[in-house]
2 protein chains.
Amino acid sequence: MTNIKEIAQYAGVSVSTVSRVMNNHPYVSPEKRKSVLQAIDQLNYSRNINAIHLSKGKTNLIGVIIPFTNHPYYGAIVQGITKQANAIGYHIVIFQTQYEREKEIQALNMLQMKQLDGIIVCSRISEMKVLLDYHKYGPIILCEDTAQAELSSISIDHYAAFSSALEYVVAKGYKKIGYSLGRKKSRNSSLRTKAFNDIMNKYHLLNKKEWLFEGSYHIKDGEKLFQDWNSMIDKPEAIIITNDDTASGFILTANKFGMKVPEDVAILGFNNDSLSEMLDITTVSLPLDWIGKMAVDLFENPEVIRHVKLDYTLMKRKTI
Amino acid sequence: MTNIKEIAQYAGVSVSTVSRVMNNHPYVSPEKRKSVLQAIDQLNYSRNINAIHLSKGKTNLIGVIIPFTNHPYYGAIVQGITKQANAIGYHIVIFQTQYEREKEIQALNMLQMKQLDGIIVCSRISEMKVLLDYHKYGPIILCEDTAQAELSSISIDHYAAFSSALEYVVAKGYKKIGYSLGRKKSRNSSLRTKAFNDIMNKYHLLNKKEWLFEGSYHIKDGEKLFQDWNSMIDKPEAIIITNDDTASGFILTANKFGMKVPEDVAILGFNNDSLSEMLDITTVSLPLDWIGKMAVDLFENPEVIRHVKLDYTLMKRKTI
DNA sequence: GTATCGTATGAAACCCATTTCAGAGCAAGA
DNA sequence: TCTTGCTCTGAAATGGGTTTCATACGATAC
């Protein structure tokens with residue numbers, strides 16, 4: 001591998017001059033620039049970026065922590081992140097945790113060791129104080145509803161979004177209402193739970209423990225959700241399902257069993273996936289690609305800690 | 001930031017010894033090891049990985065080139081890659097090209113500049129010779145059916161898979177058969193086209209140009225596909241659709257228009273997504289996560305150029 | 001005529017670890 | 001007693017850039 005020294009020799013200049021040419025610095029005479037360029041071409045030189053990283057102390061790499069790659073919710077966020085990151089000259093390293101804490105720590109360690117310039121946490125496992133601990137090594141952006149003074153965040157107001165969804169269900173006249181979540185203990189989930197409890201109290205509606213369903217991630221989970229619901233003696237008449245994938249699985253399974261939505265059970269989903277559009281699922285549209293874009297924006301301005309909230313939209317369709 | 005030198009000083013040893021401790025080399029006396037460990041703890045030291053990368057000449061990073069992140073096909077492959085890569089101590093950098101050549105070149109340049117130890121190309125844009133050009137900088141693994149002597153590859157035998165799908169359609173008695181592709185000019189597509197032409201010739205069936213549909217990627221494309229099909233005067237009675245996402249979009253749209261599958265039009269998909277299972281779509285199951293896993297295996301053994309072919313399975317369900 | 005400023009250039013310091021090489025000390029085998 | 005051979009250690013070379021600092025020169029300002 002030829003290096004900058006050889007180029008300097010070949011071109012009859014100093015390494016500084018070569019470096020200046022490579023980085024488009026001014027103050028290089030046209031003749032020297034030309035001979036450097038020639039040397040680069042002749043010797044087929046390309047810089048060793050690891051040396052640059054070492055020297056500059058940055059890598060133009062952002063770590064992205066997600067639980068799954070093959071999921072529309074995270075796929076959409078990652079899409080948004082990638083686009084914006086590319087736009088500002090960054091690339092992203094994917095950390096697929098499958099909710100294993102260790103994988104998340106790996107990413108944080110890479111921040112500490114300077115392999116990453118920053119981290120975007122789409123779904124968190126560790127406690128907040130662990131993240132705060134690592135924040136000194138570089139910006140950590142949270143995609144969750146938080147008010148941490150030290151960490152910027154970008155999120156949807158899940159409390160409000162869920163509330164408005166539930167208000168809509170109530171307004172439609174449903175009284176026996178259930179809901180489903182992914183992980184019970186995630187930040188988003190707890191906000192939704194709070195919203196659910198508050199609204200149900202407000203209208204003095206029955207809030208049955210069994211009508212909270214867990215483990216809704218993928219389309220297949222919707223199948224299980226239907227079976228759980230179907231095996232109940234006292235069934236909720238409407239279910240707010242945490243994402244459209246699971247909602248779709250529920251509805252398609254229901255149809256197989258000869259049941260109709262919303263006649264037999266009303267469904268309201270989240271995310272406004274293209275699948276939900278196809279199935280005419282009433283859902284709360286979340287601007288996922290914007291979350292990604294904004295996360296990168298926040299990363300770019302680490303001096304200013306901000307908590308950005310994005311808007312949601314209720315898409316009224318035909319499942320409730 | 002404290003560095004290895006400071007640790008050495010603090011612990012009263014040489015940097016070599018510190019390095020030995022960090023890398024678990026033998027031949028360090030227990031006392032020195034202990035004092036180094038203490039120093040590390042005291043000064044809260046962590047290695048600068050960029051220096052390690054520079055020194056070792058590798059980064060434990062694999063680039064992955066895909067067109068989209070939010071797509072089940074690539075999501076599944078990436079899932080497989082990530083898992084296996086993690087297992088051998090690697091991380092992956094995503095290059096989402098959206099079929100822009102420039103993005104692909106970016107990845108190749110990062111290989112050249114040693115930011116990546118290798119590249120897995122899930123969907124290629126550039127001509128083969130471009131890739132061959134960069135192969136000298138590190139292993140490039142192709143996820144496509146190729147016989148390149150210099151590059152390892154992992155693929156499904158798309159010719160055989162498509163052929164057997166088509167044979168099945170023919171055996172079901174269909175004579176007017178169409179098919180859809182993503183990009184017409186991709187390697188996989190051309191294999192499918194060849195298979196289509198061969199089989200149609202074999203059975204002396206009509207091979208109409210208009211019955212080849214393009215641009216099938218996402219579920220929404222299925223909607224358009226249906227409309228295209230529906231507006232035809234002379235319609236094919238069966239369509240082999242290049243992926244389950246598009247097939248699902250087609251079927252759901254058809255249902256909205258009051259048409260039934262397979263009564264009004266028979267559909268056969270590819271990939272065996274969970275959505276296809278839900279919708280009972282007859283499809284060709286492709287082991288996508290295995291593609292990912294095998295790609296990493298091939299990357300790991302760059303001395304041996306291999307062309308691995310994985311098996312497919314026809315999932316007979318209810319849309320044909 | 002002199003002070004000042006912008007352009008141009010190279011030497012050297014700096015970023016930070018790994019790894020080779022040489023040598024020291026000590027124990028076991030001949 | 002002498003030779004191997006193993007354990008342990010540090011100096012120095014190596015990987016390859018960026019950037020600061022000092023300096024030189026020509027041109028403009030006063």
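Since the structure is predicted, the reported quantities are computational estimates derived from the model, not experimental observations. These values consider heavy atoms only, across backbone and side chains, with no hydrogens, waters or symmetry-generated copies. Naming: A, B, ... by sequence-line order, numbering from 1 per chain.
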Outermost contacting nts on DNA chain D, any atom under 4.0 Å from chain A heavy atoms, listed 5' then 3', are dG16(D) to dT20(D)

Between Tyr27(A) and Gly12(A), which is nearer to the 5' end of DNA chain C once each is assigned its nearest nucleotide?
-> Tyr27(A)

Nearest 0.5 Å please: distance from the CD1 atom of Ile94(A) over to the CD1 atom of Ile66(A).
-> 4.5 Å

Please name all residues satisfying side chain to side chain contact (heavy atoms under 4.5 Å, CB included) with Glu31(A), sequence neighbours left out, ordered by chain then number.
-> Ser29(A)

Which pair of non-hydrogen atoms, one from Asn60(A) and one from Gly89(A), has the smallest distance, and what is that distance?
-> ND2-O, 2.9 Å

Partners meeting side chain to side chain contact (heavy atoms under 4.5 Å, CB included) with Asp145(A) (sequence neighbours left out) | Ser155(A), Asp157(A), Arg187(A), Leu191(A), Lys309(A)

Return a table of donor-acceptor pairs under 3.5 angstrom between the side chains of residues 72-79 of chain A and protein atoms on other chains or two or more places apart.
residue  : atom : partner  : partner atom : Å
Gln79(A) : OE1  : Thr69(B) : OG1          : 3.2
Gln79(A) : OE1  : Gln96(B) : NE2          : 2.5

Keeping the roles fixed (side chain from Asn23(B), backbone from His25(B)), state whether a donor-acceptor pair exists under 3.5 Å.
-> no

With axes from five pairs an end, tell me the bend angle of the helix from dG1(C)-dC30(D) to dA30(C)-dT1(D), nearest 10°.
-> 40°

Nearest-Å distance for atom pair CE/C1', residues Met113(A) and dC15(C) | 15 Å

Hey, is Glu127(B) close enough to Arg101(B) for a salt bridge, meaning N to O under 4.0 Å?
-> yes

If you measure only the distance, is there a donor-acceptor pair under 3.5 Å linking the side chains of Gln115(A) and His91(B)?
-> no

Give the B/S/- string for nucleotides 16-28 of chain C, one per nucleotide from 5' to 3', where a protein heavy atom under 4.0 Å of the base yields B, of only the sugar-phosphate yields S, and otherwise -.
-> BBBBB--------

Quick one: sort the Tyr217(B) and Tyr99(B) rings into parallel, tilted or perpendicular, breaks at 30° and 60°.
-> tilted

Indicate yes or no: does Lys293(B) engage Asp297(B) in a salt bridge with an N to O separation below 4.0 Å.
-> yes

